[in-house]
Amino acid sequence: MNLIVMGPPGAGKGTQSRWLGERLDVPVISTGEMLRDEIKRKTALGTQAKRHMDKGELIPDALMIRVIEERLKRQDCKRGFILDGFPRTVAQAEALHRMRASLGGTIERAVSLSVPNEELLKRLSGRRTCRECGAMYHIIFDPPTNEGLCNKCNGELYQRDDDHEDIISSRLEIYDAQTAPVLEYYRKHRQLVEVDGVGGRDDVLDRILAALGVAKS
Ligand code: AMP
């Protein structure tokens, strides 16, 4: 199954994509994580991406499309995949449509998680991410067992630069201006599945599975 998981920053795309990936046994491709890894390794792409990410802006379409095209050609995507954080513009959605056609497949569903803005602000400002494995926590709603350390790999937890309050509001504005039209694109193509993203992690996952018609386990 080829799926897209969409939603504003803080809607739970990353968390739900990981659970869905395990449940469906397909790789999860997170463009945000790929870019953070490039930054950590100080590559040319990482340096270019950081300039935009630190300001909460999107990476230019041409660059992002090249990155995702290379990734989707890899063998592990042949059985299906989940895209977390791509496409974020209509130009990216159109490019994805073209590349899937040439790779011999289609996107079956675009899952959109909806969460009100006040809730997103609370979630993002308390979010902490593991530097090593990318796992996410929340200092109030989902704290790690040992403060500042990842439960899974003991890696250091940090607050992403773009999760600071001043940057969060510009990320939300960019979502409304550039990514919300992508929902319309998938609605028009009858591929959009809208899911309420408010509530516990398991409840939201159950709603997604029900909306996709996939059995719970
Ligand atoms: P995320 O981890 O999905 O919240 O992404 C973090 C940041 O990475 C975004 O705010 C953008 O700066 C950048 N980014 C991730 N995916 C994309 C994309 N598909 N197009 C442009 N920029 C992206």
Side-chain angles (χ1 to χ4, degrees), residues 2-21 27-41 43 45-72 81-100 107 110-113 115 117 119-121 123-138 157-183 185-186 197:
N2 300 326
L3 287 181
I4 295 170
V5 179
M6 300 183 60
K13 295 187 298 291
T15 306
Q16 294 299 337
S17 297
R18 279 166 183 248
W19 285 88
L20 274 174
V28 177
I29 300 166
S30 155
T31 43
E33 248 176 56
M34 287 169 80
L35 295 170
R36 282 187 287 280
D37 183 59
E38 297 281 340
I39 293 175
K40 198 159 94 183
R41 292 190 289 116
T43 63
L45 168 60
T47 310
Q48 199 177 346
K50 189 169 173 13
R51 281 204 296 272
H52 298 282
M53 286 168 81
D54 281 353
K55 287 187 259 171
E57 296 168 359
L58 297 185
I59 308 313
D61 283 337
L63 189 61
M64 214 56 247
I65 289 166
R66 239 184 7 247
V67 169
I68 210 77
E69 189 161 21
E70 284 311 307
R71 181 65 187 87
L72 291 183
F81 53 81
I82 293 173
L83 282 177
D84 158 19
F86 187 97
R88 264 176 151 100
T89 63
V90 172
Q92 292 181 10
E94 286 168 345
L96 179 64
H97 181 70
R98 286 193 297 273
M99 68 181 91
R100 283 313 296 155
I107 296 295
V111 176
S112 161
L113 298 173
V115 175
N117 271 14
E119 169 86 11
L120 294 173
L121 281 168
R123 288 186 184 185
L124 288 169
S125 53
R127 180 159 79 174
R128 298 292 180 270
T129 306
C130 175
R131 248 185 230 291
E132 302 305 322
C133 73
M136 278 171 284
Y137 298 84
H138 190 281
L157 303 185
Y158 76 110
Q159 182 173 31
R160 280 168 43 177
D161 287 341
D162 58 351
D163 279 346
H164 289 275
E165 265 174 60
D166 46 336
I167 306 290
I168 292 174
S169 32
S170 69
R171 289 171 68 202
L172 292 174
E173 278 168 25
I174 288 174
Y175 179 83
D176 284 340
Q178 301 195 49
T179 309
V182 181
L183 301 185
Y185 175 92
Y186 287 111

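Order of listing sets the numbers, starting from 1, for every ligand and every atom in it.
- Side-chain contact between P60 and H52: present, with at least one pair of heavy atoms (C-beta onward) separated by less than 4.5 Å.
- Here the side chains of S170 and Y175 are not in contact, with every heavy-atom distance at 4.5 Å or above.
- With salt bridges taken as basic N to acidic carboxylate O contacts below 4.0 Å, one links R18 and E33.
- We find the CD-CG distance between E132 and L157 to be 10.5 Å, quoted to the nearest 0.5 Å.
- Evaluation of the side-chain hydrogen bond (donor to acceptor under 3.5 Å, both in side chains) rule for E119 yields R123 as partners, not counting sequence neighbours.
- Using a 4.5 Å cut-off on side-chain heavy atoms (C-beta onward), R88 and Q178 make no contact.
- Enumerated by chain and number, the residues approaching ligand 1 to less than 4.0 Å through a heavy atom are T31, G32, L35, R36, M53, E57, L58, I59, M64, G85, F86, R88, Q92, R160, D162, R171.
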